[in-house]
Amino acid sequence: MKKRIYIDMDNTLCDYSGKVNEIRKKSSTEVPYPQSRYGFFSSLEPLPGAIEAYKKLEEYFEVYILTAPSYKNPLCYTEKRVWVEKHLGLETTQNLIICKRKGLLKGDYLIDDYEYPEFEGHQIRIGQTPFNNWQNVLDFLLSDK
Ligand SMILES: [Mg+2]
């Protein structure tokens, strides 16, 4: 049986922080919640290597996207779905799960920039040593498929 992997979106697949910084830089006034703007989530750029890594992992694992909603921005649900179709294709939208409590889901791995102590599988904290980038994550997981 294939192992199951959950992959986060913001700051894992998508460059959330990059967009926040870009909006703040362009604005002459304080922007307290850039992520609440319409169009924010659908316009995020993929992080380097993220799309390629997702496609590679799909070959060997059961892969789902597991993202928490930005609960003050109701359009984020639609925009995250739009992003997945745009960058990973229509089929992959069937593997999109939007859920704040990631620990409710059962699986072997959670790849995320944030820590979810409630998750019972193994957590891969992307952005932190030894998982500084997607290549590090791939090297580790492909040796454990
Ligand atoms: Mg995140």
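Whatever order the structure lists them in is the order used to number ligands and atoms, beginning at 1. This structure is a prediction, so every number in the text was calculated from the model and none was measured. Hydrogens, waters and symmetry mates play no part in the numbers below; they use all other heavy atoms, side chains included. Position 1 is the first residue of the sequence; numbering continues from there.
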Checklist entry - Is any NZ, NE, NH1 or NH2 atom of the basic residue among R101 and E118 found under 4.0 Å from an Asp or Glu carboxylate oxygen of the other? => result yes
Item to check | W83 side-chain N/O to L44 backbone N/O, donor-acceptor pair under 3.5 Å | outcome: yes
Next on the checklist: Less than 2.8 Å away from the Mg ion (ligand 1), how many protein N/O/S atoms can be counted, ignoring water?
Outcome noted: 3
Checklist entry - Cluster partners of I97, using ILVMFWY side-chain heavy atoms under 4.5 angstrom, listed by chain and number? => result Y6, Y64, L66, L104, L105, L110, Y114, Y116, F119
Checklist entry - Does the pair E85/R81 count as a salt bridge with the N-to-O cut at 4.0 Å? => result yes
Checklist entry - Looking at F41 versus Y77, is the centre-to-centre ring distance below 6.0 Å? => result no
Checklist entry - Is any side-chain N of the basic residue among R125 and D113 closer than 4.0 Å to the acidic one's carboxylate O? => result no
